[in-house]
Each structure stands twice: as C-alpha cells, then as structure tokens.
Amino acid sequence: MLFPPPGPSGAPRLTVELDLRPDARGDMLPRILWAGVAAPDEVGRSGYPSTFRGPGVPLLGEHAHELFTRPHLRGHRTGAPGSDAAWSTRFVLEDVEAADERLVVTATDDAAGLGLTTELETLPGGLLRGRHTIRSTGPGSYVLTGLEVVLPAPDDLVELLDFTGRHEGERTPQRHEVTDGLWLREGREGRPGLGGATVAVLGSRGFGTRTGTVLGVHVAWSGNSCFRVERSPDLGTTLGGGELLQPGEVVLAQGEAYTSPWVVFGASDEGLDGLAGAFHAYERSLPAHPAHQPVVLNVWEAVWFDHDLSRLHEIADRAARVGVERFVLDDGWFHGRRDDTAGLGDWWVDPDVWPEGLTPIADHVRGLGMQFGLWFEPEMVNPDSELYRAHPDWILSTGSRVPQLHRHQLVLDLSREEVWQHVHDRVHAVLSSAPVDYVKWDHNRELLEAGSGPRGGASAVRAQTLAFYRLLDSLRELHPGIDWESCASGGGRIDLGVLERTQRVWTSDMTDALARQHIQRWTTQLVAPEYLGAHVSAPVAHQSGRRFTLDFRAATALFGAFGIEWDLSTATEDELDALAGWVALHKRFRPLLHSGRVVRPETADPAVLLHGVVAADGSEALLAHVQLDESASNRGTVVRVPGLVADAAYDLAWAGPVDHRAVSRSVALPETGPTDGVAVRGAVLGTRGCWIPRRRPETVTLVHLRRARVDGQ
Ligand code: GLA
C-alpha cells in the first residue's frame with residue numbers, strides 16, 4: 001500500500017510504499033519498500049511510483065529479522081528475574097489503521113513485555129513525519145537506550161550533506177560520499193546547537209540547490225538528537241533519526257510509555273530548493289506562523305549592558321523615524337545584570353538602572369508607534385544571583401558536583417516542579433507588569449552533566465526539553481498577544497519543535513554581512529526566511545572588524561525578518577535617510593519575500609552567490625546577485641530563474657539603490673535592468689536566464705521581475 005494514498009493532484013509528496021501482504025504478517029512488521037517523491041498523477045496512473053524498489057526496511061528494524069545493522073529500538077529489562085531476553089524483540093503486528101493523512105501501526109512482543117505504536121503522517125508541503133511509542137507491559141523496568149525512525153533510501157542517493165558550525169558561524173555545509181557502515185551525527189548539548197546537523201540530506205551524485213533527487217531528515221526536537229545514515233551490502237541505504245538518550249535517562253516501569261520526537265522526512269526531485277520548499281510550506285501552515293513580521297530594532301550591539309534611558313530614547317526616536325515597527329530591549333534590564341557575570345535568574349526590573357520600571361521606555365516606544373520587546377534567558381542562573389544564593393541545589397548537576405561554568409552560568413533544573421513554577425511565575429510577573437509585545441528567549445549555554453537532584457543525578461535532558469516546551473506553552477497561553485523569538489547564542493535552538501511555538505529565530509550572533517550571506521543561505525534549508533532575524537549592524541562589524549557599505553548590509557538583511565542592530569545615535573542624517581529607504585523597500589517587498597518560494601540558482605563563479613524569492617503564482621520575483629569577492633573572469637553571471645510562468649512575459653528592473661559603476665570601463669550596467677526594458681518570457685528566463693556583469697566585491701545587485709501587464713509576443 002502507499003502512504004499517503006494517491007490524492008487529488010497537487011504538490012508532490014514524500015510517499016512510502018508499505019508491504020502488508022498476509023504472508024509477510026506473522027511476526028513481521030510492515031516493510032517500507034520505497035520512499036520518494038510521488039506526484040499524485042503519477043501514483044494514480046501506475047499504481048505505485050515507477051522508481052527503484054529495494055528490499056526495504058521494516059517499520060521498526062529488529063535484529064531478530066536478520067538485520068545486522070543498528071537496531072531501531074535498543075533497550076533491555078532489569079529488576080525482573082527471567083525477563084533478560086527483552087533486549088531482542090520480535091514484534092507481532094496487531095493492527096494497521098490507515099486514513100488519508102495518518103497511518104497508525106500497533107504491534108506487541110509479549111515475551112519482551114513491550115507494545116509498539118508507530119504513527120506516520122503526511123504534512124502540508126509534502127513532508128512525511130513518523131514517531132514511535134514504546135510501552136512497557138512487563139515486570140521490572142525497561143531501560144530504553146534508543147528508538148529511531150528510519151526510511152530506506154534509493155541506491156542512487158550516494159552523497160550526504162549535513163551541517164556543522166560554531167558560535168558566529170552556524171550551518172556550514174559538509175558533504176561526503178555514502179559508504180558501507182554507519183554514519184551517526186549526535187547532538188549532546190541539550191539543544192540542537194550551533195554546530196548541529198539541522199538536516200541530513202541524501203542525494204543523487206552532484207546534487208545541488210536546483211538539481212538532483214534528494215531525501216532529507218530533520219528531528220523536530222529541541223534537546224539531544226541523532227541523525228543516522230547506514231548502508232549495508234544487503235539492505236542498501238537507510239536514513240533516519242531520533243532523540244539521543246543518555247544512559248539511564250528513560251527507564252519505563254510497567255505501564256509507562258516513551259514517545260519519540262517526530263522525525264520529519266522530505267524529498268524532492270528538484271534538488272535542495274525543492275526540499276527547503278517542503279519545509280517552508282509546512283512552517284507556513286503552522287498556527288504559530290507569523291502572519292506579519294515587523295521590522296525590528298534590537299539594542300544589543302548598540303548599547304550592550306549599558307542601559308541609559310536618554311540614549312535608548314534617542315535610539316528609539318531614530319528607529320521610529322526610519323520606519324522600525326518593534327523596539328527590543330536586550331540583556332541587562334534585570335536585577336544585578338550589569339555584565340554577563342551576574343543576575344541571571346533574578347527576573348525583576350533593576351531599580352538602580354530603571355528606577356521607574358520598564359513602563360516609561362515601553363510607553364515611549366509605543367508612543368512612537370512601535371511595539372516593545374524584552375530579552376529573557378529563563379532556563380539559566382548565574383552563581384552570582386539572589387536565586388542561586390537561595391537555592392544552590394536548583395541547578396542541573398550530577399550529585400554534588402557543580403558543572404563547569406560557561407558564560408558564568410548554570411542551567412536550572414526545570415524538571416523540578418518548584419523550579420519550573422518559580423521561573424514561570426517570575427517571567428509571567430514581568431510580562432504582566434509592563435506592556436510587552438515580544439520576547440526574545442535566549443539559551444546561552446549547553447547542558448553539561450545535566451542530572452536532576454531528586455532523581456539521584458540521573459540525566460534530565462529529555463525532562464528539561466519537555467519542561468521548556470511546557471514553560472513556553474504556558475506563557476504563550478497566558479500572553480496570547482506576545483510574539484516569541486528563539487535564540488541560543490545566535491542560532492543554537494532552531495528546529496521544528498521550537499518553530500511550532502515561536503514567530504522568529506535569531507539566526508546568528510554573526511552580523512558581519514559577508515559571513516551572514518552564507519549562514520542565511522543554509523539556514524533556509526530548514527527555515528522559511530520570514531523567521532530568520534537578519535539585522536543591519538554597525539558599519540564596522542563587531543565580530544570581524546570588517547567594514548561594509550550600508551547598501552551591502554541592508555541588502556543582506558532584506559530577505560529575512562529585517563531588523564537593525566546598529567547604534568542609530570551614531571548614524572549620520574544621510575545614513576538614516578538611506579536606511580529608511582531600505583526599510584521602505586523591505587516593507588514593499590515583504591509580502592512577496594515572506595510567502596514566496598526560495599530559490600538559490602546555481603552559478604559557476606565561486607565569487608558569486610545567487611538567491612531569491614519567486615511568488616507562488618509566478619507573477620513576481622526578487623533576485624539577489626551577491627558578489628562576495630573578486631571574480632576570476634570577466635564573463636559575469638547568468639541567472640536562471642525557476643518557477644516563472646513559461647508563457648508569460650516579464651519586465652526586469654533593478655531594485656534598491658544601484659551603483660551603476662562597473663568594475664571595468666568596458667562593462668556597464670544597463671540603465672533600467674538586466675534586459676534594459678525588454679520583456680522576456682518566463683521559459684527563456686528559466687532556461688537561458690538573464691545576465692549580470694561582474695560587480696565590485698561586497699555588493700548585492702537586486703533584480704525585480706514582474707509579469708508584464710499584457711503578455712509580450
Ligand atoms: C546572546 C544572544 C545575543 C544577545 C546576548 C545577550 O549571545 O545571541 O543576541 O542577546 O546573548 O547577552
């Protein structure tokens with residue numbers, strides 16, 4: 001059978017073909033024979049996708065069926081004499097419940113004392129997600145070590161892409177050949193992390209942003225995770241993931257169950273952009289998805305911890321003047337927080353800095369027509385804080401040992417009810433005491449030796465992750481008017497678990513525009529651009545010391561959740577006017593940028609990056625040609641624009657301030673746009689493209705394509 005079943009025509013969907021034949025039943029779970037993109041029409045005509053089908057893998061891969069690869073379920077039973085055999089399961093299928101959008105398979109292994117439920121769901125955008133629930137029905141305790149959701153991958157997906165990174169350098173792509181054996185990417189930081197895998201993508205040889213067949217996986221979870229690719233001579237390749245469980249983290253008593261995070265798969269025959277598009281479509285279907293992303297000014301890089309009301313007023317005045325819609329007061333407003341060594345945990349307004357509370361600044365900001373936002377880091381505590389002095393035992397730790405400090409801070413044990421309630425009530429009190437429209441929720445250190453005292457020091461990363469979700473969910477419910485941003489030293493907590501609950505993410509603490517181009521490009525592999533906080537920072541980047549023009553900085557921020565991080569009290573009148581022009585440009589294109597399809601056309605020139613957004617109906621597009629460095633040739637770049645209406649004619653025009661100076665006198669930019677006023681057919685733009693000459697390094701050239709009012713001949 002096919003899941004999802006062939007439906008009315010629409011976008012292609014990741015489909016699996018399951019073998020449920022009676023002779024395969026007995027003590028055998030359904031096998032997934034094939035996983036890949038199936039366009040509804042194709043499926044309808046042929047009965048099943050006309051693609052390679054290998055031996056497949058069972059819905060839950062077990063050693064007992066001669067699978068010598070890494071079992072999908074790993075665990076054992078203790079404390080019940082005679083039940084030691086539970087480490088090896090052979091589940092017997094009980095029931096398959098299949099609906100259009102959801103498939104539920106249940107099975108039991110009486111000898112092991114375990115029940116299994118596997119759910120598969122098709123999602124808007126054509127993604128497929130799966131999760132397992134394991135229930136212990138036997139005596140004693142079942143110690144769970146791992147439980148993962150795994151799909152077979154066609155044999156011709158021979159290359160693997162995933163991501164790594166660091167603080168101020170998130171989501172660097174890395175690639176290698178798939179070979180026999182297990183490739184495992186583990187996230188052990190208690191958050192997805194700055195160097196996390198984000199997505200793992202298998203693809204056909206040489207796959208790129210626009211070309212190739214790809215199958216990708218993401219673990220929708222904000223705690224520890226694992227991504228796995230395994231190839232064996234007999235089974236072929238598999239791709240999957242799940243939660244990474246630390247020793248003793250999940251121990252199930254009789255009647256208790258564990259449900260894995262959703263593991264989300266996507267596929268495309270149109271390269272990485274097709275896969276990204278499926279993730280974006282799903283995010284845009286979420287109830288929490290931001291219908292409108294206001295232009296933000298965040299004062300962090302402008303004032304750091306130095307909160308001076310008159311200076312902040314001046315920045316707010318200038319922000320309003322350039323068109324900012326939301327003003328965010330970052331770290332430094334609460335008790336004892338004059339630098340990063342003290343104060344975390346003491347969530348009340350510091351009267352030394354804010355003698356009249358936050359209401360005066362919030363009122364000033366709102367009086368200027370802007371929303372007011374505030375920074376928190378609820379899960380953390382500085383040893384130098386009232387909270388820690390009163391409750392030194394409230395931290396996550398193993399035994400009596402205090403974990404190593406990072407950024408002078410420790411992590412609170414939110415799995416303890418009294419700690420959770422305390423943090424909850426403090427944050428709730430602040431949000432109730434001032435008119436706050438927006439919260440930037442930070443998480444600036446990894447979970448290290450994250451045991452819970454009341455549980456004898458046993459690992460509590462999973463419990464902490466669930467407690468974080470519960471905390472955020474409760475505060476969202478209490479403050480339904482607030483928008484939430486997920487930040488973790490930049491982009492350290494970006495995943496579909498947190499995106500179900502937030503409207504924005506802080507993409508990276510790197511605000512150097514040149515470095516940002518790469519970080520944003522690759523974060524869009526998972527996240528739609530409207531979530532990606534992208535701020536215009538100071539002329540000289542704080543992180544790198546490099547100087548960039550305002551146009552380069554602003555054009556780099558243009559496509560995302562546009563914002564400003566620059567100290568506007570130091571900007572000249574001309575700079576403020578120019579910035580206002582960029583804010584207006586962003587607002588003009590925002591409906592397109594935050595709803596259209598992200599495209600990353602390929603180019604042969606390593607000194608050039610191309611990206612853009614094409615309206616879903618092909619009526620319009622905005623493209624960016626980013627000249628990163630000097631090109632080795634004088635040939636310029638051809639930009640192919642996918643997703644246009646083949647028969648329609650398009651007008652092409654420069655957008656934004658265009659520096660018409662070319663690098664050599666012989667090559668000048670045409671006055672009005674790359675085609676200089678001549679409308680061009682969508683089909684031609686898709687295949688032959690338009691040409692942009694070599695530009696100066698560190699320039700962005702923007703091209704606006706609009707369907708001509710009357711189609712050309
Ligand atoms: C983290 C964030 C920054 C800023 C600081 C404040 O590093 O990523 O944007 O909020 O914390 O301390």
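Whatever order the structure lists them in is the order used to number ligands and atoms, beginning at 1. All residue numbers in this chain count up from 1 along the given sequence. Worth saying up front: this structure is predicted, and the values here are computed from it rather than measured.
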Taking the six-membered ring of W522, is the NZ or CZ of R600 close enough (under 6.0 Å from the centre) and on axis enough (within 45°)? yes

Any luck finding a side-chain donor-acceptor pair between H428 and H479 under 3.5 Å? yes

One pair per line, please: each N/O atom of ligand 1 matched with every protein N/O atom under 3.5 Å away, atom names first, then the distance to 0.1 Å.
from	atom 1	to	atom 2	distance (Å)
ligand 1	7 (O)	D509	OD2	2.9
ligand 1	8 (O)	G490	N	3.1
ligand 1	8 (O)	D509	OD1	2.5
ligand 1	8 (O)	D509	OD2	3.1
ligand 1	9 (O)	K440	NZ	2.8
ligand 1	9 (O)	W506	NE1	3.4
ligand 1	9 (O)	D509	OD1	3.3
ligand 1	10 (O)	D330	OD1	2.6
ligand 1	10 (O)	D330	OD2	3.4
ligand 1	10 (O)	W375	NE1	3.0
ligand 1	10 (O)	K440	NZ	3.0
ligand 1	10 (O)	D442	OD2	3.4
ligand 1	11 (O)	D442	OD2	3.0
ligand 1	11 (O)	N444	ND2	3.2
ligand 1	12 (O)	D331	OD2	2.6
ligand 1	12 (O)	R407	NH1	3.0
ligand 1	12 (O)	R407	NH2	2.9

Inspect the contact between R389 and E386 and indicate whether a charged nitrogen and a carboxylate oxygen are less than 4.0 angstrom apart. yes

Heavy-atom count check: over 12 atoms from other residues, nucleotides or ligands less than 6.0 Å from Q404 CD? no

Within 45° of the ring axis of F548 and under 6.0 Å from its six-membered ring centre, is that where the NZ or CZ of R516 lies? no

Classify the side-chain pair E379/W441 by whether it contains a donor and acceptor separated by less than 3.5 Å. yes

